[in-house]
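Below, chains carry the letters A, B, ... as their sequence lines are ordered, and counting in each starts from 1.
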Amino acid sequence: MAMLWPRMLRGLRRPLTDPAPAAPEATVAALSERLEQAARRRLGRSLAIRHVDSGSCNGCELELNALHGAVYDLERFGLRFVASPRHADVLLATGPASRNMVEALLRTHAAMPEPKWVVAVGDCALGGGLFAGSYAVADGVDAVLPVDLVIPGCPPSPTLLLEGLLALLGAQREPPPAAPPPRAEPRLEEGPEEGPEPPDEAGAPGPRMERDA
Amino acid sequence: MTGPASDLIRAGQRLTPWRWWLDPASWAALPAALRQEPALELLALWAEARTVHAAFRLGPELLLASVAAADGAYPALSPARPGAILFERAIADLWGLRAEGAVDARPWLDHGAWAAARPLAVQGQGGGAAAAPLPALPVGGERPQPVFLPAEGEGVHQVPVGPVHAGVIESGHFRFHVQGEAVVRLEARLGYKHRGLIGLMLGRTPRAAARYAARISGDSTVALAWAFAAAAEAATSLVPPPRALLLRGVMAELERIANHLNDWAALCGDAAFLWPQARLGALREGVLRACDAAFGHRLMMDRLVPGGVSIDIAPSGPDRLLAALAVVGAELPALRRICEEHASLQDRLAGTGVARPELVAAYAAGGFVGRASGRDFDVRRDLPYAPYAGLEIAVAGAAAGDVEARLAVRIEELARSLELVGTLLARLEPGETLLPLPGKGGEGIGLVEGFRGEVFCWMALDEAGLIRGLFPRDPSWLHWPLLEAAMEGNILADFPLCNKSFNASYSGVDL
Ligand code: SF4
């Protein structure tokens, strides 16, 4: 037993944690527009995330959980998952918004303090993806809550998730950088619907729930 | 092998080599006969419009029985098989068929929020756009409250948990009745994640519906896609090419390895033993990256399809996989010893969350849950299928049925799967990987060993080759009730450990 530790520790000495991915600047710029100056000051460079599974296949959860691990080490960026929506800045939803989860989604969102973001993770969280049209699905998180950022993929890889979340952090910088570092950012554009939803001039469309009800 | 219940089934009208049509009187006699034949295990119970089907296993043989539910009702099997309870509740919610004499008639998947009640009640309906408006759900408004089974005694109080949990976990509600710190009764209320999967898959070709099968439970995407594909191939008498079958085996073992590593890590984390958690998580990440390099997807989703596999392994794939698994294999003995020898960890795991062997047998629970409680069954060995047929499959087992035993079985399985991947890769010969599925009618079953246990799938195709009836059964259907039972008498604080040691799928049951 005592002999084993030195050998195992040698393995640990290699830097396990991946280098940080850069946040896609186009996404950062679009998100910044959505965030008022005041909100930016209040949020600072740290985000507390409340995850809600609204009918996922659990594939997205596997990759979200990988962010915790030594390899991705989410917390080094000031990003962390929190237990209570009252401590959260971000509601991160996976799944197509099953009708049985709509109430929990709305209640979680309502319990969060302003300012708050909604991030829809995974192809099925936007519009319901494959599951759209089912009697049991509200056709996407965007049908229930105003979505600020979409991270596409089925499921998105941890690296892609990290890039998306770093874009949220980047949007809180003040002011947004005049000259973004030159970096082609194709990855968030790969999905069926890219990047963030464009800012809506007529004000946020608001929860579609209310109109339907 | 025979017995009163299996004889009763075989006395019915034989529709396929393994399915019999029973008249209502024979079906009504089933519960009494089942009580006299404990070896006849209930695998699944499901319905089509106006018909109820049950699948049993007797040793190496599968028997299916069907009955017409003419007046919207059929005699319940739950008085004789506790595993039938959740299926009967789901049948009532989805197909609107009542189980007469059922042990539990409360709703299960239907929480009163769907666009349609009894969505699968009419044949051919279900999938399509049921675009009824969402029911009004003002925050703070009233919803019909679920009824939970009672627990009585001095000082008993309830602790509700979920559907939104503290961590990144699937959605589901747990209702604890607690006396002091000890749990008197736990009840899991699921269905929050119901997506209407069966309805979405009906009326499609197996190829088109395979994308849904791959998303029944993402952590078991390979196993569920395999059972689904095997059912489709059995229905159309198609045998996939040998190379595809070997690659399926490789993917299934990789899925088992990744999940066992993941849950082993999580168990250490729940017991505040953090170093192995970090290390096991890093090893798992190495495996997932190798899967990505070999098959173009970290979880290998949509890679296993009816007819074979949708993508051949990358030329560098075998080497990448073997390298990643070699790292796991090299560290496994030390990690295992550290976990076995640390009193602080053992103190939390040993004796916690015991699934009693007689209960496990009554439910016929599969996978490491069953094997850790003395149920020695593994489809790969006992009902062998390609590419496992002819291979030596050593099945791990234990008797204690506690968290420690479930973990020990998984670690042992992990070690054997590492070897199996090498064996299967070594057998790969160049060749085809995908055959077109004939567009014709038929009926088939698939039974494969996923990381949680045996995944069962039944499929009926109409003349055009479209899915007319379907039931994919994740092993979790039989694990959830055992988790509830295993929590009795344990302290509330040990629930995360118990829950993780079962790691039943929410989405796999919610469908
Ligand atoms: S996006 Fe894909 S992986 Fe994520 S929950 Fe939806 S189906 Fe599963």
Side-chain angles (χ1 to χ4, degrees), chain A residues 1 4-5 7-8 11-12 16 50-66 68-72 81 83-85 95-96 98-110 124 130-139 143-144 154-155 157-158 208-209 212-213, chain B residues 109 111 113-116 119 126-139 143 163-164 166-171 191-197 199-200 211-212 215-219 221 262 265 278-279 281-282 284-285 288 292 298-299 301 331 334-335 337-338 341 505-507 510:
Chain A
M1 187 37 231
L4 290 170
W5 281 100
R7 234 189 308 142
M8 306 221 41
L12 270 184
L16 258 183
R50 177 58 258 186
H51 161 252
V52 176
D53 159 15
S54 71
S56 81
C57 76
N58 80 28
C60 281
E61 279 71 19
L62 286 178
E63 298 297 44
L64 284 169
N65 274 318
H68 283 304
V71 181
Y72 297 100
F81 288 98
S84 169
S98 62
R99 283 172 180 249
N100 286 352
M101 273 303 289
V102 165
E103 183 181 1
L105 257 184
L106 288 172
R107 283 178 186 262
T108 305
H109 190 251
C124 69
L130 276 181
F131 312 105
S134 165
Y135 61 84
V137 163
D139 292 349
V144 180
C154 188
S157 67
R208 227 174 291 166
M209 278 295 299
D212 285 345
Chain B
L109 301 175
H111 296 189
W114 296 342
L134 283 168
L137 295 173
V139 170
R143 287 285 298 277
V164 179
V168 179
I169 316 174
E170 293 189 74
S171 293
Y192 288 93
K193 304 174 48 138
H194 180 72
R195 289 163 286 170
L197 282 179
L200 287 165
R211 285 176 65 73
Y212 296 99
R215 286 161 183 77
I216 292 169
S217 183
D219 51 13
T221 177
N262 199 32
R279 194 62 207 151
R284 170 179 174 268
E285 179 65 22
L288 294 189
D292 193 22
R298 288 162 54 92
L299 307 179
M301 216 172 237
E331 295 197 18
L335 279 161
R337 220 163 309 143
I338 288 165
E341 289 177 3
S505 171
Y506 302 64
S507 57
D510 284 355

Give, as side chain, backbone, both or neither, the part of [X] having an atom under 4.5 angstrom from any heavy atom of chain B.
{"X": "A:Cys154", "result": "both"}
{"X": "A:Phe131", "result": "both"}
{"X": "A:Pro155", "result": "both"}
{"X": "A:His109", "result": "neither"}
{"X": "A:Ser56", "result": "both"}

TODO: Please examine the side chains of A:Leu130 and B:Leu200, heavy atoms only from C-beta on, and report whether any two atoms are closer than 4.5 Å.
DONE: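 Counting from C-beta outward, B:Leu200 and A:Leu130 never come under 4.5 Å.
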
Examine whether an atom of [X] lies under 4.5 Å from a heavy atom of chain A, and if so say whether it belongs to the side chain, the backbone or both; otherwise answer neither.
{"X": "B:Ile169", "value": "backbone"}
{"X": "B:Asp292", "value": "neither"}
{"X": "B:Glu285", "value": "side chain"}
{"X": "B:Arg195", "value": "both"}

TODO: Identify which of A:Ala70, A:Gly59, A:Gly55, A:Gly69 forms the greatest number of heavy-atom pairs closer than 4.5 Å to chain B.
DONE: A:Gly55

- [ ] Could you check which of A:Cys60, A:Ser54, A:Ala136 has the highest count of heavy-atom pairs closer than 4.5 Å to chain B?
- [x] A:Ala136

Atom [atom1] in [X], atom [atom2] in [Y]: separation rounded to 0.5 Å?
{"X": "A:Asn65", "Y": "B:Arg284", "atom1": "CG", "atom2": "CZ", "value": "8.0 Å"}
{"X": "A:Asp53", "Y": "B:Tyr506", "atom1": "CG", "atom2": "OH", "value": "9.5 Å"}
{"X": "A:Glu63", "Y": "B:Leu299", "atom1": "CD", "atom2": "CG", "value": "5.0 Å"}

For the side chain of [X] and the backbone of [Y], is there at least one donor-acceptor N/O pair under 3.5 Å apart?
{"X": "A:Arg50", "Y": "A:Ala83", "result": "yes"}
{"X": "A:Asn58", "Y": "B:Ser217", "result": "no"}
{"X": "B:Thr221", "Y": "B:Met301", "result": "no"}

Open item on the list: Which label fits B:His111 and B:Tyr192: parallel for a plane angle under 30°, tilted from 30 to 60°, or perpendicular past 60°?
Closed with: perpendicular

- [ ] May I ask you to name which of B:Asp219, B:Asn262, B:Asp510 has the most heavy-atom pairs under 4.5 Å with chain A?
- [x]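 The residue among B:Asp219, B:Asn262, B:Asp510 with the greatest pair count is B:Asp219.
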
